[in-house]
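A short write-up of the structure that comes next.
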Amino acid sequence: MPDSRSWLARPFTERSTQIFLAVLTLSVLAITLLHVLLPEGHPLHVSTFTVTLLGKYLCYALLAVAVDLVWGYLGILSLGHGAFFALGGYAMGMYLMREIGDRGVYGNPELPDFMVFLNWQELPWFWQGFDMPAFAFLMVLLAPGLLALVFGFLAFRSRVTGVYLSIITQALTFALMLAFFRNEMGFGGNNGLTDFKDILGFDLRTDAVRIALFIASGVALGLGYLLCRGIVGSKLGRLSIACRDAEARTRFLGYRVERVQLFIFVVSAMLAGVAGALYVPQVGIINPGEFSPLFSIEVVVWVALGGRATLYGAVLGALIVNYAKTVFTGIMPDAWLFALGGLFVLVTVLLPKGIAGLFAQRGWGRRSQSSAAKTESASGSRPIEEATA
Amino acid sequence: MPSETDDAFVRSPWMAFLMSISVATMYRGCWQWMLLVCLLSFPLFAAAQSESATGQSARLSDGAAQSLLTRLAEARNPAKPAVIDEIAMSGDARARGWLEAFSASKLARLKDAERFLIIDNNRGREWAVSDALSGESAGKVSRRDLKTLRSNNSLRGHIDGVLSMIDLSSPDAEVRLAAARGLRGSVDEAMAERLPSLIEQEGDDAIRATLKEALAIQQLEANGDPAALDTLSGSLNAAAIAAINGAAVSDDPQLAQAAKVALAGIEQKLQLNSGLETLYFGLSLGSVLVLAAIGLAITFGVMGVINMAHGELIMLGAYTTWGMQQLLPGQPGLALLLSIPAGFLVAAAVGVIIERSVIQHLKGRPLETLLATFGISLILQQLVRTTISPLNRIVVTPEWMSGSLMINEALSLTLNRLYIIGFALFVFAGLMLIMRRTRLGLEVRAVTQNRAMARSMGIKATRVDIMTFALGSGVAGLAGVALSQITNVGPNLGQNYIIDSFMVVVFGGVGNLWGTLVAGMSLGLLNQFLEPWAGAVLAKIVVLVFIILFIQKRPRGLFPQKGRAAEG
C-alpha cells in the first residue's frame, strides 16, 4: 500500500496507534494529576513510590517495544537486548556520577567515590566528557548503537541467523556482564554506579523530578512507539518483514538483507539504550546485574506474552509481567520463578500470538490491523527452510 | 588412608601410631617453608597424637616419663636438645606427642603441681587439655593455672630432625619416604653425620635418593661441596633450589658458576612442569565442558531442539548423587558408582517428560522451543530451591578419588580431575558407539537427515525423538554426577554451564560429536593458557569474544555438516 505521506506521519492515521497514544497520554496525565492535585491521605492519591514504579514499567515497556521491533518484524530473537539497555543506563549513570561532584563520601570533585576507593589517580579517558549532559545523552544513543553496529555488521554479514544468533547475543551480554563485574573496568564493578544526587541541577529525590522523569518515560515510550510504527509501515518495514519470512527469497530478489537487518537492529539497540537511560535515575542504581542473560530473556517473554509483531502487545506484556512480578515478589517471593517459568511455557505452547492475538481473534481493531494481521499469520507458519536453518 | 586397611590400623596401636606419624610428617615437611600454615594446623597435630596415645602400653613407667618431662621443663635452653634426644630415644610411643606439643608450645605444666598437660584447644579463657602421661582428656583448665613450656625456633628445628630420624628407622617404607622428604632442608650437622650410615642401610631406591638429596642440601649449605651440587642439579625440591640459590651467590666463583648452570636447568624443568600442569588443568576443564555439552550436542545438534533446561538436567544429576549419598550414609564411593546409572535415569525421565509435555508441541519453531525450555529451567531451579534447599549441598568425595598422583616434586595431578577426564572420554566413546553401531543410532541419523523419508521407511520418528531426547538428557545427568565431585552442588549449578555448553556445541559444529570433543577440549585449554596472564574472568571473556568472532567467520562451527544434512 504505497502512501504519499511521510513515513513518520502515517502511523497517526492507524487506528491502533491512535488508541495506543490516546491511552498512554491519558494514563500519564491521569496519574500525574492524581499525584499532584489530591492530598496525601486521599484514597485515590498516587504516591511518589507508585509514580516511580510506573515510570520504571514505562522504561521496561520501551525496551519491550525495541525487542519487538527486531523479533516481531525482523525475525531476530535477541537474547542480549539487556546489554543495550544496560549500556544506555551506564552512560546515564556516568553522567549522574559526575553530577555528584564533590558531594561524594570522599569529597573528591574530580573522581567518583569508587575510583577514590580503588586509589585511582585520574579520570580514565572513557569517563571524559560525561560531565556535560549533552555529551552523555548522546552517548546514551551512541554506546548501544555502536555495539549493535559492530556486532550486527559481523553477524549479519556472515549470515548468522536464527538460533545461532540468539545464542551469541546471549553470550555477548554474558561476556559484558563478566566484564562489568571487574573493578578494573572502571564502571564501579560489583556495586555499579549509585548514590546519585542531581539530574540537570535538580535534586533527584524531590517529587517534582520524579514526576518529570515519569512523564519523560511516557513521552519516550510514545515517541519510540511512533518511530517503530513508522518504520514498520514504511517500505523498509515491509522489507524487514520479507527478510523475516523468507530471507533467502528476499536476497534473491536483489535486496541487501544484511543492511536492512543491521539498520533495524541498531535502531532497536538505541531505543533500548534510551529506555535504560530513563530507568537509571528512577531506580537510582545501575549495576552489572542488568547485563544478566536472565533479564534479557525475561524481556523476550514480555513480548511473547503481549504478542509479537504488534508493538502495543509488547507494551501490554511488559506492564502485565512487571506488575505481576511486583505483586508476586511482595507476597510470596518463592512462587515468582514458578510463575515466570510457567508463563514461558504456557505462552509459547498455548498462546503463540500472545494477548494481542486474543484481541485479533475477537475481532477488536480488525480494520486497523489489516497489515499487522497479515504479518501475524505469516509468522505463525514460517517457511520450513527458515525455521530449521 | 585406604579404607580397606582401616580395621588393621585400629586394631594395632603401633600402626595407629605410625599413622599419626605419617600425618605429622606431612605437615612437618613444609614446616621449614610455611611455618604459618603449620601453626594453623597444630590443632590437627594435637588431635592426631592424642588419638595415638590413648590405650597404649607405654614402655616408660609413669615415674620415668614424669622425670624426663620435668627435666625438659627445667633444663636451660642450651641443655634442652640433649633432653629432647633422650625423650626421642626412649622409644616410648607417647614421645612424639610430647615433642610435637612442646615444639608447638602446647605442652604445659599445671601451676603448683607436677602434672604435665597437653593443650588441645587454646581458645578462650578455659583451655581444653589432656593429660600428657595418660593421654586422657583432663577437661578444661583456666589458662592462668597453666604454665606453658616455651620452645624456640632452634629447638623446633632440632625436634623436627629428631622425629625424622625416628621415622627413618620405621619398618614402613611409606613412613620412611615421608620422613626423608621432610628431612630435606632441615638436616643439621649432628644428623649429617648419621645420615650416610642410614643411606647405606636403606633398601629402597627412592628413599635413598631422597636421603642423598637431603644430605647434599646440608653439604652444599654448610661446606659449599661441589659434589653435593651435582647431586642436586636436577632436583625440583624447593629446599634444594633454595640451597642452590644460596650457592649461586657464594664467594667461590667456580661454585657460583656451576650453581647458576644448575639453576638454569632447573628453571627450564620447572617451566616444562608448569606447562604440563596447565595442560592438565586445561584438559580437565575441557573434559568438564565436553561432559556438559555432549548431551546438548545430541538434543541440539542431532535433533535441532534447543534445550535451555539442559543445565538443570545436569543439576538434577548432581542432586541425584547427593541423594544417593544420603541414602547410603558412610559409603560415598558406592553411592557415587550407583548414582551413575541413577543420575542417567533421573535426568532421562525428566527429559522425556519435558519432550512429551512441551517440546513436541513446538516442532519446527526453534525460537519458541528455546523460550519454553528456558521457562522449564526456571521452574526446575525453583523446585530444587523450595523442596531441597537454596543452599549448596555437600557431596562427599570418596577416598579413592581424593588425593593426587605425584609425578615429580613440581607436578602432581589431582585424582578427581583425572577420573573426570577418564569419565568424559568414556561417555564420549559410549555415545559414539551408540550413534554408530546400534539400531537406535542408525534411526536417529536417518530421522535427522530426512524425516519424511525415514518415516516412509517404517521408522517411528516420534519414538526416535523420545529416545534421542532421553539419551541426551541422560548424558546431562551423567555430567551432573561427575560435576558433583568438583563443584558446588546448588540450584544454580546448571545455569553456570548452559552458556558454555552452547558455546562448545556451536564452536564444534552442530550435529557432530567429534566437533564437540575437539571444541570442548580446545576451549578448556585456551581458557587455562590465557588465565595466567589475563586472570580467570578476563580469560572467560576473551574466550567468549573469540567464539563470537569465530562464528562470524565460520557460522557452522569447526566441523560443519556437509551434504544434504546441512540444508535440512
Side-chain angles (χ1 to χ4, degrees), chain A residues 71 75-77 79 151 153-179 181-182 184-185 293-294 297-298 300-301 304 334-350 352 380-382 384-385 387-389, chain B residues 300 304-306 308-309 354 357-383 385-386 390 491 495 498-500 502-503 505-506 510 535-538 540-545 547-557 567-568:
Chain A
W71 188 30
I76 290 172
L77 175 57
L79 298 182
F151 181 83
F153 175 76
L154 289 170
F156 300 135
R157 192 190 52 161
S158 44
R159 301 184 190 173
V160 180
T161 48
V163 176
Y164 284 87
L165 192 76
S166 304
I167 291 172
I168 61 171
T169 50
Q170 191 173 30
L172 174 80
T173 190
F174 185 62
L176 279 170
M177 178 176 77
L178 292 180
F181 265 124
R182 287 160 46 86
E184 296 85 350
M185 275 288 283
L294 177 61
I297 204 166
E298 222 183 289
V300 172
V301 117
D334 278 356
W336 168 241
L337 278 184
F338 282 126
L340 186 64
L343 195 64
F344 272 94
V345 178
L346 290 180
V347 167
T348 45
V349 176
L350 300 179
S381 58
R382 296 175 55 194
I384 197 82
E385 78 263 15
T388 52
Chain B
F300 176 42
V305 169
I306 315 290
M308 293 297 273
I354 295 175
S357 60
V358 176
I359 292 175
Q360 66 154 338
H361 303 296
L362 297 170
K363 200 142 263 155
R365 290 168 31 198
L367 298 181
E368 276 89 345
T369 316
L370 191 157
L371 290 178
T373 48
F374 188 82
I376 294 171
S377 83
L378 290 183
I379 294 176
L380 285 177
Q381 267 180 41
Q382 191 58 34
L383 201 65
R385 236 175 248 135
T386 42
Q495 236 179 14
I498 187 72
I499 290 184
D500 287 344
F502 268 111
M503 289 293 116
V505 175
V506 169
V510 172
V537 178
L538 203 58
K540 207 171 159 72
I541 297 169
V542 170
V543 170
L544 282 176
V545 172
I547 295 173
I548 292 174
L549 291 177
F550 180 85
I551 296 300
Q552 325 285 355
K553 270 279 147 225
R554 297 191 64 164
R556 288 187 180 271
E567 310 302 321

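Residue numbering restarts at 1 for every chain, and letters A, B, ... go by the order of the sequence lines.
Listed options B:Leu362, B:Ile547, B:Leu371 were ranked by heavy-atom pairs under 4.5 angstrom with chain A; first place goes to B:Leu371. Highest contact tally toward chain B, considering only A:Leu79, A:Ile168, A:Leu154, is held by A:Leu154 [criterion: heavy-atom pairs under 4.5 Å].
Taking a 6.0 Å sphere around CZ of A:Phe153, one finds it holds 12 or fewer heavy atoms contributed by other residues, nucleotides or ligands. A 6.0 Å sphere centred on CZ of A:Arg182 holds more than 12 heavy atoms belonging to other residues, nucleotides or ligands.
Residue B:Ile376 touches chain A through both its backbone and its side chain, counting heavy-atom pairs closer than 4.5 Å. Only the side chain of B:Leu370 comes within contact range of chain A, with heavy atoms under 4.5 Å apart. The contact between B:Arg385 and chain A is made entirely by side chain atoms (from C-beta outward), counting heavy-atom distances below 4.5 Å. At a 4.5 Å heavy-atom cutoff, A:Val301 makes no contact with chain B through either its backbone or its side chain. Using a 4.5 Å cut-off between heavy atoms, B:Leu383 touches chain A through backbone and side chain atoms alike. Heavy atoms closer than 4.5 Å to chain B are found in the side chain of A:Trp71, but not in its backbone.
Distance check, rounded to the nearest 0.5 Å: CD of B:Glu368 to CZ of A:Phe344 gives 13.0 Å. We find the CG-CE distance between B:Leu544 and B:Met503 to be 6.5 Å, quoted to the nearest 0.5 Å.
Under the 3.5 Å distance criterion, the side-chain polar atoms of B:Arg365 are left unmatched by any main-chain donor or acceptor of A:Pro352.
Exactly one of B:Ile359, B:Val358, B:Val305 qualifies for a side-chain contact (heavy atoms from CB on, under 4.5 Å) with B:Thr373. That residue is B:Ile359.
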